[in-house]
Every structure is written in structure tokens, then in C-alpha cells.
Amino acid sequence: MIVRSQLGQAVRCFSSTARVLAHVSHIGREPIRVPQNVTLTPTPTALSIAGPLGTTSVPLQPYMKITFPETSMVAVSIEDANIKVQRQMWGTTRTLIFNAITGMTEGFTVPLYLVGVGFRVALEEDPRGTSDGGNGKRFNMKLGYSHSVFVPIPTHITAEVPSPTKIVLSCTDKHLLGLFAAKVRGYRKPEPYKGKGIFIGNEQIRIKSVKKK
């Protein structure tokens with residue numbers, strides 16, 4: 001038989017580690033390695049990042065702290081880890097800074113595949129030029145409709161069509177790249193019966209069987 005006081009001590013010893021790490025962001029606490037060709041300029045409201053591919057900035061909340069523990073390292077911290085909002089933004093801000101550094105040095109690339117009989121795409125000049133905010137190019141896609149689908153390409157996106165059924169999109173901003181890829185996919189989302197549509201990267205869907213009468 002275990003005495004109540006001893007049982008309480010055993011429970012406290014068992015759960016002490018979890019309590020200590022309860023208010024620590026496992027993503028936010030990790031420092032970020034900064035390449036030599038990237039320059040970071042912190043301000044009270046934002047962190048400016050300049051690299052070979054351009055310049056961008058990541059907004060910072062008033063409770064965010066940017067430190068440089070080493071010459072090629074940057075760390076993100078917060079004022080009070082007991083506040084839920086600060087803990088949530090801790091890991092988010094660290095991820096945004098990491099993505100910004102990657103975008104300014106290497107960039108992001110995502111492939112899109114057109115799957116279906118007669119599906120094809122061509123990269124052509126946009127007759128409207130840059131009047132609608134595009135870069136003067138557009139996609140001419142055949143997606144099984146009675147008409148062609150034309151998609152202007154934004155200025156921040158670099159597009160290639162290596163084959164009639166494949167699109168390669170590149171951008172320095174991961175968020176904007178994902179938005180445009182989702183927009184293109186939205187013109188013919190993958191359907192679960194024949195598996196036709198526009199797929200992003202290694203996207204897979206579960207094929208459903210048709211119910212026969």
C-alpha cells in the first residue's frame with residue numbers, strides 16, 4: 001500500500017519534465033543558420049532580409065526578440081512564454097524568417113501535372129501585356145472544357161512548361177507561390193473517379209469506385 005504523500009511525490013516527479021517544457025516552442029527555440037551572402041537588418045517592427053535573389057522583410061510583433069548568438073546564427077525569442085498568443089507566434093515567426101532566407105538564396109519551386117486525356121498546356125504571350133498586373137505571359141490550358149482556359153502569370157512568378165502536361169513554377173516567396181499554384185489547380189481539381197485533374201507536386205488522391213445499379 002502506497003501512502004498518499006508518497007504517491008503525490010511520485011506523480012510530481014513523473015510530470016515535472018512535461019511541466020518544464022510545456023511553454024517552450026520546439027520550432028521557435030531552434031536557431032537559424034544564416035548564409036554568408038545574406039544580410040539581416042532588424043528593426044523594432046520588422047526584420048529585413050537581403051540576399052542574391054532580392055530583398056524582403058518579415059513583420060515582428062512588439063514582444064518578439066531577435067538575437068545573434070553567433071556570427072552566422074539568428075535566434076528568435078519572446079517576452080513571456082506563459083502567454084498563448086506569444087507562444088503561437090514564436091514558432092510561426094521563426095518559420096517565416098527561415099522561409100524568407102531560403103527564398104532569397106535558393107528560391108522555391110513547385111511542379112504541376114496535368115492528368116487526363118487531351119489535357120495540355122502551352123506558355124504564350126499575353127495579348128493584354130502587363131496591363132492586368134501580369135508579366136506579359138499566360139497559360140493556355142486545355143482541360144476538357146469546350147473552351148480554353150487562359151491564366152495570366154503574375155510578375156513575381158517564373159513559369160516554365162518543359163512538356164505539354166507539366167508546369168514548373170518558381171518564386172522567392174513560398175506563400176505567394178502556393179497561392180498561385182492553388183489558383184491554377186482550381187481550374188480543374190483532381191476528381192476521385194477517373195483521377196483526372198491538375199496535381200501539385202506528389203499529390204495523390206484515393207480513387208473511388210463507381211456504384212453500379
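Between Y187 and Y145, the shortest heavy-atom distance links the atoms O-OH, 2.8 Å.
Put simply, the side chain of Q86 gets close to the backbone of D80: a donor and an acceptor are under 3.5 Å apart. For R87 (side chain) and N82 (main-chain N/O), a donor-acceptor pair under 3.5 Å exists by modelled atom type. Here the side chain of T93 pairs no donor or acceptor atom with the backbone of W90 at under 3.5 angstrom.
Note: R138 CZ to N135 CG = 12.5 Å, rounded to the nearest 0.5 Å. To the nearest 0.5 Å, atom OH of residue Y193 and atom NZ of residue K208 are 5.0 Å apart. Here the OG1-CE distance, from T172 to M104, works out to 3.5 Å after rounding to the nearest 0.5 Å. For the atom pair CD (E160) and OG1 (T109), the distance works out to 8.5 Å, reported to the nearest 0.5 Å.
Environment of NE2 in H175: sparse, with no more than 12 heavy atoms of neighbouring residues, nucleotides or ligands closer than 6.0 Å.
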Report task. Could you go through the side chain to side chain contact (heavy atoms under 4.5 Å, CB included) check for V151 and V149 one step at a time? Result -> CA-CA 7 Å; V151 182; V149 178; 4.1 Å; yes

Report task. Using the side chain to side chain contact (heavy atoms under 4.5 Å, CB included) rule, take I198 and F119 through it: C-alpha gap first, then chi angles, then the decisive distance, then the call. Result -> CA-CA 9 Å; I198 301 177; F119 286 18; 5.8 Å; no

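The existence of a salt bridge linking K137 and E124 is excluded, since no basic side-chain nitrogen approaches an acidic carboxylate oxygen closer than 4.0 Å.
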